[in-house]
Amino acid sequence: MRQLYSLLLLFSFLSFSFASSDYHEQLLLRPLHPSLLLASFNFQSNTTLTSFEQQNFRYFPRSLGQILQHANTRELHLRFSLGRWDAESWGARPWGGAREGGTGVELWAWVEADTDEEADGRWLTLTNALSGLFCASLNFIDSTRTTRPVMSFQPSGDHKNSTLESLHLLHGTLPREVVCTENLTPFLKLLPCKGKAGISSLLDGHKLFDASWQSMSIDVRPICPAGSNDCQLQITQTIDMVLDIQRSKRPRDNPIPRPVPNEELKCDTSKPYHSHDTCYPLDTAAQEEEWTLSQIFGHPLKGSCPLATDGVDPVCINVPHARQVYSSEGSHEHKDASGFMRCYQLDPEKEFELVLPQQEISEKAPLEQPLLYAERSFIGYGQERGGVQAILTNPSPTEAVDFVYMESLPWFMKLYLHTLKAKINGLDTHKDVIQEMYYRPALDRKRGTQLEVRILIPANSTVILTYDFEKAILRYTEYPPDANRGFDVAPAVITIGNVSIRTTSLLLPLPTPDFSMPYNVIILTSTVMALSFGFVFNLLVRRFVAVDEADQWDVRSVRLKVAELVKGKLKRFQKAQKVEKKE
Amino acid sequence: MPPSLPQFSAARARSYIFRLPLFTRCIIFVIVLFWLVSLQSAWDVQQWGALIPKEIGLATMYRTNTFPLVHAGFFHAFMNILALTPLLERFEAEYGTLTTLALFLGPLSTIPALLYTFAERAIGLNTTVLGASIWVFTLIAMEAVKTYRTNPNFVIGTTQIPTWITPIVMVLFVSFLIPHTSFLGHCCGLAFGYGWGLGYLKFLAPPEWILRWIEGKLNLLGRLPHYVSVDQKTYGRYGVLPTTNAPANPDIALRFTDQGQRPSTVLLRRNPFILKLPPYLSFLCIVIGVAWLLVLPLDNYSRRTYISENALLPGQVHTYFAGSDQNVFRGYKHEVDALEERSNIEVNDKLEEFFKASGLKVARQSYEYKSAGETYTGENIYAILHAPRGDATEAIVLVGAWRNMEGKLNRSGVALILTLARYFKRWSLWSKDIIFLVTADSKAGPQAWVDAYHDTHQSNKVESLPLKSGALQGAVVIDYPFDHRFQDIHIVYDGINGQLPNLDLLNTVVSISGHMGIGTSLQKMWQHSDSYRDRLQTMLRGMLNQGLGHASGPHSSFIPYHVDAITLQPFGEGWQDEMAMGRVIESTFRSLNNLLEHLHQSFFFYLLMQADRFVSIGTYLPSAMLVAVNFTIMAIFLWVKSGSPIDKSSKKGSLAVGKAGSLKALVPEEVISVRERELFLPLAVVAGSQFLGVLPLYIFNHTPQAMLSPIFTAFTSVNAFFPLIFSALLTHYFAPTAHHYTLIKTFSLLLLGLFLSSLATLNFSLAFLVGLLSAPLTYMQPLPNHPIIKGVLALLLSALSPTTVLVAGCWWWELGIGAVLKEAAFGWDVWGMTTQVVVWCVWWPAWLVGMVLLFGNPREEKVDGDVGKGKKIKT
């Protein structure tokens with residue numbers, strides 16, 4: 001991981017030094033335990049701010065650029081994520097978690113505006129425009145889902161001090177949004193090679209959305225090198241996915257994992273009961289899986305992208321040098337000094353293929369330990385109250401971790417702040433676990449709860465953060481069609497310097513009315529019964545007056561009344577005419 | 001002035017019916033007659049009398065008069081009579097019998113009929129109409145116009161709606177809601193009604209002098225009963241009442257109506273017939289309640305089960321759990337067999353190894369419970385299969401207890417779970433996490449795990465779960481303790497405190513195993529011939545299990561947390577192998593995996609009488625409610641009775657002045673006097689016995705196991721004599737009168753009725769069983785002069801006491817008293833079972849009071865002016 005950082009850093013330096021407008025792309029493959037493969041695609045292009053402002057787009061996508069200009073957005077981060085990163089088996093997250101979001105869609109941006117209201121208006125413009133561009137329900141990020149984080153997010157670009165003051169950070173999440181192919185297609189369209197050539201040709205909806213975990217990100221930020229006035233706008237698009245090698249290798253027309261034939265079953269023959277019909281399955285984790293690029297992605301890589309700058313190898317793989325890797329002709333292999341990385345330079349015309357045969361190998365590329373393990377779940381039961389428990393573990397034996405834990409909860413989850421407690425290693429004696437807190441209470445149907453807590457966890461300890469909440473009862477029109485599924489609660493965001501971690505999202509069951517048919521039927525029939533019964537009953541109990549006391553309603557009287565009415569009208573009309581004449 | 005709504009009173013209704021005028025009676029009679037005639041098949045009355053537009057000619061003109069009198073069936077006739085009577089009665093009272101006769105036999109039938117005929121012919125239709133509804137609508141329209149004159153509109157919200165619209169709305173509603181009604185026919189009726197009401201058709205009425213002349217000549221008024229004279233109508237039956245002119249003092253008008261009804265209810269209360277009714281009524285309630293339950297298994301009262309949740313799609317997927325996975329299963333089976341004699345920790349070490357080899361995340365949880373002086377410890381192990389693309393929001397659980405409820409090693413079950421875990425891991429279609437849970441035992445282990453999953457455990461004894469997933473959507477337990485092939489699957493579904501899983505879950509499994517050719521059975525009915533007897537037996541066994549409220553399998557602990565769960569137990573000797581069981585589980589999990597929402601569509605309250613037959617709460621609840629209501633009826637009756645003066649004969653003839661504002665009336669004093677009730681002693685006795693119930697509850701839940709049997713014996717013997725002593729003490733120190741005893745019984749029964757009717761909605765079976773066993777308490781009263789009857793009743797009551805029932809139950813099912821009490825204490829401490837509370841704090845106090853009443857010896861009451869004085873009613 002560290003090597004990757006240094007590599008990337010190197011690339012970015014390179015790009016600053018000799019190109020005002022450039023583009024490069026890279027795919028990093030990293031096998032994970034057990035029989036998984038992490039594929040990280042990175043596409044980065046720069047354009048000068050001046051040409052951006054003159055609407056002179058080359059590598060920077062015009063569609064996105066115009067939206068940013070229209071909404072006065074200076075820095076943008078958009079994430080589409082699916083699945084869960086298993087930190088215990090897979091180690092630290094790619095890019096230090098900086099290029100991923102919580103489940104669903106997450107968007108945060110720095111908008112330039114003079115007032116909060118103006119910022120809100122521009123944010124609305126931005127979300128609606130992006131919603132159209134990416135075929136996502138981003139327009140549903142309304143005031144109840146928007147927060148203004150105070151401690152958690154810092155601008156990653158270089159902004160001028162003058163503009164910094166008028167920048168507003170707005171953050172919104174859609175945990176319910178299911179990321180799928182319709183989001184991938186516009187994503188690929190933003191790339192200079194549009195998925196036709198280069199590493200983006202490997203991206204295919206079938207494979208991407210079959211991944212155990214995947215995250216797509218778009219970051220736009222200004223970069224101003226120190227001491228230079230020549231600022232640049234950088235757009236970075238990444239796709240990270242964890243693919244199950246065995247699952248990907250299954251043919252697409254027969255994806256069912258049928259039982260293997262008896263002969264192919266790998267058994268532990270040392271067991272005394274082993275026979276032709278009894279088998280203790282053998283653990284195959286010791287062996288390195290056999291795979292090829294086209295098996296994993298469905299087809300080989302279609303040459304390199306001709307628009308990409310030379311000097312950056314488009315494909316890298318993070319395996320020990322002892323591992324056998326065969327590549328197709330025309331490509332050049334570069335091995336890294338660290339012993340775990342090798343990169344390939346591609347022939348722009350030819351297809352590129354990587355083949356890793358099955359191999360018994362004890363050496364493995366080192367796994368970077370994450371700074372923090374975070375797990376969040378609901379506690380309690382019932383329709384009225386509940387609780388949230390976040391278990392935060394610092395695995396480091398020596399160093400304490402200082403981080404900001406941010407929750408943005410929907411308004412119908414009414415947080416009791418006084419129940420917020422932090423237990424450290426099961427004891428709640430330590431008062432200094434929570435260092436700082438920012439809390440913005442919810443307003444019904446207007447905005448959600450925002451809670452940011454700065455926590456310090458000493459080395460090798462676990463903090464359990466709990467709080468209770470009350471479930472609001474919604475109006476019946478506010479329930480979605482699948483009301484009994486529950487309501488998604490956005491993941492908590494944990495920021496440790498540049499590294500960020502997101503917990504899984506939660507499913508909150510709310511008290512739901514019975515929406516079923518009998519309800520309607522009873523209401524309708526009761527109304528009808530009440531009406532008809534009331535009518536008959538009314539007739540039965542009414543008191544009556546003698547005829548001579550009531551108004552006469554025979555032909556003559558009606559005629560008289562009509563005549564009177566007409567006369568009255570005529571008179572008024574005449575009067576009005578007189579008045580007019582007087583005037 | 002707000003409209004005063006006189007309450008319905010039987011006396012008033014009776015007098016109303018007796019005062020119905022002549023023509024109305026005749027019409028009702030004729031309608032009924034025609035209906036009776038139409039019962040025979042020789043002469044088609046409907047065909048003869050109906051209004052058929054195409055058949056109307058000069059010769060068949062009679063149809064325009066007969067069609068309102070002929071009806072299509074009983075309900076048609078009945079409903080029309082019900083609607084017509086008040087309207088017609090009013091019309092007749094207003095216009096006189098002769099006019100009504102003339103109108104209804106003439107223009108009122110013929111004109112709408114002709115109107116209808118022409119309309120139908122104009123459209124080219126030929127729809128037959130019959131029935132008096134046309135009159136109903138005519139009359140309603142007339143009334144509506146009249147109402148419109150006094151009350152032009154009524155207000156809904158802010159809109160003012162003219163009142164004359166109401167008949168039109170009614171016609172629309174009737175035509176929408178009631179099938180086979182003639183919209184056009186009703187409209188014709190309405191048209192005539194409006195015409196009449198507005199005065200355009202008044203000329204149709206015969207001239208008054210003719211009527212007067214006929215009436216005078218024939219002396220109709222003298223000859224005919226209930227005849228409404230032409231002269232009577234001038235003033236109307238009601239006289240001139242202040243409806244349009246607001247009364248000078250609205251207060252008086254209110255009191256006037258108030259005073260008008262009070263004597264009638266008071267009279268009702270003193271009605272000797274009504275006073276005799278309640279004991280029979282409450283007995284009837286019990287009989288009907290029991291009979292109700294007994295008819296439930298019949299085809300007409302129970303329903304076939306069906307899948308409510310469409311997303312489940314049970315049995316629609318192909319299952320692939322077969323082939324070489326069977327070899328793996330056999331391998332795991334050998335491993336499990338080898339672990340039979342090992343300790344809990346050693347077993348879990350090995351299981352952890354198996355789960356980890358399948359690539360799952362494994363965690364353990366140890367627990368310790370103390371109950372009845374015993375300690376229950378163990379360690380659960382569970383593995384989580386992450387949904388490949390999921391986000392830990394939902395999970396389903398596959399449970400296999402290492403030892404089942406009988407303590408047998410769940411050898412095939414655990415091996416199946418290990419094999420399924422390996423097999424499920426290969427699939428990428430899971431939308432929910434799957435948790436494989438192996439608990440150390442079947443009673444405490446699952447409870448500890450579910451409690452900890454929802455973080456409601458006592459943290460010092462039960463460990464928190466180190467690994468969690470999302471909201472649990474369902475749980476399936478495998479209990480497969482033998483290693484031969486099986487025939488059918490036995491499904492256990494009872495939860496703690498009689499809570500049940502959603503019926504959809506059960507239906508899913510029944511449907512899936514049905515697809516696979518595996519039969520299902522319930523409630524240990526190994527043979528079910530679909531006869532009434534077998535259905536009833538299944539239902540009663542289910543009710544008993546529900547009533548006891550104990551855990552019937554590892555799944556029971558899940559249900560209180562609104563996690564639907566069932567246990568599957570293969571049984572019998574057949575040709576289905578373990579893999580077939582695995583395929584049932586696989587298919588069930590595929591169905592649960594399809595769920596988009598938590599199971600909520602189907603029933604949570606039901607009684608099953610077969611795997612595919614059930615009754616829902618709406619059908620069965622009345623039976624327990626009726627049994628509970630019997631106590632309430634009796635309590636109310638006794639309360640009323642306790643308020644009546646002691647000796648009616650001595651006070652007969654004396655009158656009291658009933659005052660209502662400025663109005664006064666003379667009524668017999670006994671009617672309005674109420675006896676002062678002496679409440680302190682009865683309340684103290686009932687409250688005391690209720691509190692005494694806490695004593696056995698505490699004792700039996702906190703005694704060490706070894707002491708349970710002896711203490712129970714001691715309690716039973718004390719219990720046998722305690723009511724006698726209690727009663728003797730009561731008589732000695734307080735000397736209660738019969739009046740006191742009545743009130744004691746009132747409160748006791750009132751409480752019992754209250755508890756049981758609320759309990760019936762939570763645990764129907766328990767409420768029904770307790771209600772039935774305490775039914776004799778309704779009829780207990782002091783019998784100082786009948787020692788033999790008293791003795792017999794005392795024996796009967798003792799036989800129905802909670803302790804005796806417990807002993808009898810243990811004897812019948814061949815269980816040890818100590819074991820049952822230990823289980824109950826375990827239920828109280830671990831499962832949160834509340835059956836004991838009902839037994840000791842609801843049933844036992846009521847029984848105690850019943851016994852005390854039986855042994856009661858009421859003191860002679862002094863009849864003096866003080867007691868009988870009573871209170872005057874103030875209105």
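The shown structure was predicted, so the numbers you read here are calculated from the model rather than taken from an experiment. A note on names: the letters A, B, ... follow the listed sequences, proteins ahead of strands, and every chain is numbered from 1.
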Query - Phe354(B) and Tyr280(A) aromatic centres sub-6.0 Å - result: yes

Ser532(A) and Met170(B) have their tightest heavy-atom pair at CB-CE, 4.0 Å

Rounding to 0.5 Å, atoms OG (Ser89(A)) and NZ (Lys361(B)) come to a distance of 3.0 Å

Report task. Just say parallel, tilted or perpendicular for the rings of Tyr381(A) and Tyr561(B), cut-offs at 30° and 60°. Result -> perpendicular

Note: Ala392(B) and Arg84(A) closest approach over all heavy atoms is CB-NH1, 3.0 Å

Cut-off 4.5 Å, heavy atoms of chain B, and the answer for Leu531(A) is side chain

Query raised in the report: For Ser505(A), does its backbone N or O pair with a side-chain atom of Asp391(B) as donor and acceptor, under 3.5 Å?
Result: yes

Smallest heavy-atom separation, Ser324(B) atom then Val260(A) atom, equals OG-O, 2.6 Å

Greatest number of non-hydrogen atom pairs under 4.5 angstrom with chain B, of Phe535(A), Phe378(A), Phe209(A), falls to Phe535(A)

Item to complete: Would you check if Asn327(B) and Asn262(A) make a side-chain contact, meaning some heavy-atom pair closer than 4.5 Å?
Response: yes

Nearest heavy-atom approach of Tyr332(B) to Pro281(A) is OH-CG, 3.6 Å

In terms of heavy-atom contacts, Leu82(A) and Arg389(B) come closest through CG-O, 4.4 Å

Heavy-atom side-chain proximity of Pro509(A) to His562(B) below 4.5 angstrom: no

Ranking Val536(A), Asp86(A), Ile391(A) by heavy-atom pairs under 4.5 Å to chain B gives rank one to Asp86(A)

Smallest heavy-atom separation, Pro259(A) atom then Arg426(B) atom, equals CA-NH2, 3.5 Å

In terms of heavy-atom pairs under 4.5 Å with chain B, the winner among Gly83(A), Cys279(A), Ser275(A) is Cys279(A)

* **Steps toward side chain to side chain donor-acceptor pair (under 3.5 Å) verdict (Thr278(A), Lys333(B))** => CA-CA 9 Å; Thr278(A) 311; Lys333(B) 183 94 165 305; over 6 Å; no

